[in-house]
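Everything on this sheet refers to the single structure shown next.
Each ligand, and each atom within it, is numbered from 1 in the order the structure gives. The residues of the chain are indexed from 1 along the displayed sequence.
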Amino acid sequence: MIANPAPAITSITHPQLDASNLSLSLLRLDEVHPLISGNKWYKLKYNLIKAREEGHRTLLTFGGAFSNHIYATAAAGKEFGFRTVGVIRGEKNDPFNPTLQFAVDQGMQLVYVSREDYRKKNSPAFQDWLTSQLGQCYVIPEGGSNALAVMGCTEILPHEHSYQYIASCVGTGGTLAGLLESNQDQATVLGFAALKGGSFLYEEVNQLTRVYSKKTYQNYQIVEDYHFGGYARANVELVDFINTFKREHGIQLDPIYTGKMLYGIFDMASAGYFPSGSHILAVHSGGLQGIRGFNERYRKKKLRIIVN
Ligand SMILES: *Cc1c(COP(=O)(O)O)cnc(C)c1O
């Protein structure tokens with residue numbers, strides 16, 4: 001049903017990397033699909049297959065109003081012939097932000113729930129209530145992280161590689177879990193937390209790999225120093241970094257995930273974290289749809305990601 005893409009690997013040259021004798025490459029998941037972008041393609045793949053096998057007509061999932069996962073699920077539903085329902089945290093805003101406008105344009109039905117109810121989203125009672133309102137649905141958790149998502153994410157890395165470090169962004173941990181499962185003990189895996197207080201993510205990731213393979217891994221680290229104030233927070237330093245990176249390398253980063261990770265990798269490189277001669281592969285997990293909404297939200301603070 002769904003053939004895997006073969007993402008390109010782009011090598012990044014920069015005097016700061018040369019100075020520490022490091023090689024850095026980007027695995028370009030941002031290019032795997034024009035709409036089902038980045039890691040979300042891999043996270044959805046086996047969920048779509050399962051939903052179809054089970055005869056479901058509707059996918060139901062959860063997210064914030066700017067969510068890459070909501071965007072990708074809406075596009076995947078349209079492409080593969082499912083109805084989609086997005087349960088959105090918080091109040092309806094008029095007009096729609098660009099993410100929700102896109103979702104609605106793809107045919108997604110939006111259901112708004114209060115922040116308080118949203119916290120109950122994984123409870124059976126809440127899900128029963130949803131299906132009583134909406135009919136039978138295939139439910140994908142927030143961020144798409146379940147065992148099938150982990151399975152999809154085991155297909156991200158090249159089979160054979162000689163990198164000492166794999167770097168990836170972490171939101172809910174599903175992507176990192178899949179990377180760990182396919183990497184086994186080849187490289188050290190660094191997960192850059194997009195949110196503040198990311199130490200709970202070890203338990204999330206361990207739980208996901210335990211469910212998937214009954215294993216937990218030791219050869220990974222959650223890097224907690226580059227959240228820039230918290231999830232979707234940003235400052236001028238981050239935005240300048242993203243804009244400079246675009247100008248120097250021609251590659252667009254997003255401000256929620258990949259910009260923070262690349263900033264972190266460069267910062268750790270200059271602090272001497274990586275031994276001389278290390279080869280680093282950083283997963284560009286996409287997320288570029290979020291830039292328009294980011295620029296709108298931060299207009300008053302004069303933060304602006306330059307696109308094109
Ligand atoms: C969703 C997302 C992530 C986080 O993935 P998890 O599997 O939830 O950790 C990372 N990067 C981008 C660009 C994303 O859209």
Side-chain angles (χ1 to χ4, degrees), residues 7 26-33 35-47 61-76 86 99 102-103 122 140-157 166-182 189-195 198 200-209 211-212 220-224 226-228 231-232 234 238 242 251-265 282-294 305:
L26 282 186
L27 185 63
R28 304 295 303 280
L29 308 190
D30 55 316
E31 298 178 331
V32 298
H33 189 286
L35 301 174
I36 313 169
S37 162
N39 60 344
K40 300 304 185 281
W41 190 96
Y42 295 87
K43 295 181 78 169
L44 285 169
K45 174 180 170 181
Y46 289 104
N47 279 295
T61 196
F62 308 85
F66 296 91
S67 161
N68 294 331
H69 170 64
I70 288 289
Y71 186 101
T73 304
T99 303
F102 172 86
N122 296 327
I140 304 174
E142 182 182 43
S145 286
N146 55 15
L148 292 173
V150 174
M151 183 187 289
C153 291
T154 65
E155 299 175 359
I156 290 174
L157 290 181
I166 304 291
S168 178
C169 312
V170 187
T172 59
T175 304
L176 198 72
L179 293 173
L180 289 170
E181 293 289 357
S182 61
V189 180
L190 301 176
F192 288 80
L195 39 85
F200 78 96
L201 288 166
Y202 285 105
E203 202 33 58
E204 299 287 317
V205 171
N206 290 344
Q207 185 59 23
L208 284 161
T209 60
V211 168
Y212 183 77
Y220 80 99
Q221 190 188 328
I222 303 290
V223 182
E224 296 181 49
Y226 303 103
H227 56 69
F228 287 84
Y231 185 75
L238 176 67
I242 291 170
I251 296 171
Q252 185 71 62
L253 303 174
D254 84 294
I256 317 293
Y257 292 104
T258 56
K260 293 181 178 183
M261 170 182 69
L262 264 302
Y263 183 102
I265 291 171
V283 178
H284 189 322
S285 43
L288 305 181
Q289 71 83 24
I291 294 174
R292 279 181 63 200
F294 175 90
I305 311 277

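Under the 3.5 Å distance criterion, the side-chain polar atoms of Ser145 are left unmatched by any main-chain donor or acceptor of Gly173. In this structure, Thr154 contributes its side chain and Gly178 its backbone to no donor-acceptor pair below 3.5 Å. Between the side chain of Lys260 and the backbone N or O of His227 there is at least one donor-acceptor pair closer than 3.5 Å.
Nearest protein heavy-atom contact of atom 3 (C) of ligand 1 is Asn39 ND2, 3.2 Å. The protein atom (non-hydrogen) at minimum distance from atom 4 (C) of ligand 1 is Gly171 N, 3.5 Å. Here the protein heavy atom with the shortest distance to atom 6 (P) of ligand 1 is Lys43 NZ, 3.3 Å. With hydrogens left out, the protein atom closest to atom 14 (C) of ligand 1 is Lys40 NZ, 2.8 Å, a heavy atom. Looking from atom 11 (N) of ligand 1 to the surrounding protein, the closest heavy atom is Ser285 OG, 2.7 Å. In terms of protein heavy atoms, atom 8 (O) of ligand 1 is closest to Thr172 OG1, 2.6 Å.
Residues forming a side-chain contact (heavy atoms from CB on, under 4.5 Å) with Gln252 (at least two apart in sequence, or on another chain): Ile242, Lys246, Leu288, Ile291, Ile305, Val307.
In summary, the atoms of ligand 1 found under 4.0 Å from a heavy atom of Val170, numbered by their order in the structure, are 9 (O). Using a 4.0 Å cut-off to heavy atoms of Thr175, the atoms of ligand 1 that qualify are 5 (O), 6 (P), 7 (O). Atoms of ligand 1 found under 4.0 Å from any heavy atom of Gly287 (numbered from 1 in listed order, with element): 13 (C).
At least one N or O atom of Gly173, backbone or side chain, sits closer than 3.5 Å to an N or O atom of ligand 1. For ligand 1, none of its N or O atoms has an N or O atom of Asp254 under 3.5 Å away.
Heavy-atom separations between Gly38 and ligand 1 are all 4.0 Å or longer.
Between Tyr263 and Phe228, the two ring planes are perpendicular [angle over 60°; tilted spans 30° to 60°].
For Tyr202 and Tyr220, the gap between ring centers is short of 6.0 Å.
Under 3.5 Å, the side chains of Thr99 and Gln289 contain a donor-acceptor pair of N or O atoms.
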Ile265/Leu190 under side-chain contact (heavy atoms from CB on, under 4.5 Å): CA gap, chis, key distance, verdict: CA-CA 10 Å; Ile265 291 171; Leu190 301 176; 6.0 Å; no
Candidate pair Val170 and Glu204, rule side-chain contact (heavy atoms from CB on, under 4.5 Å), full reasoning: CA-CA 11 Å; Val170 187; Glu204 299 287 317; over 6 Å; no
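Contact annotation: for Asn68 versus ligand 1, heavy atoms closer than 4.0 Å belong to the side chain alone.
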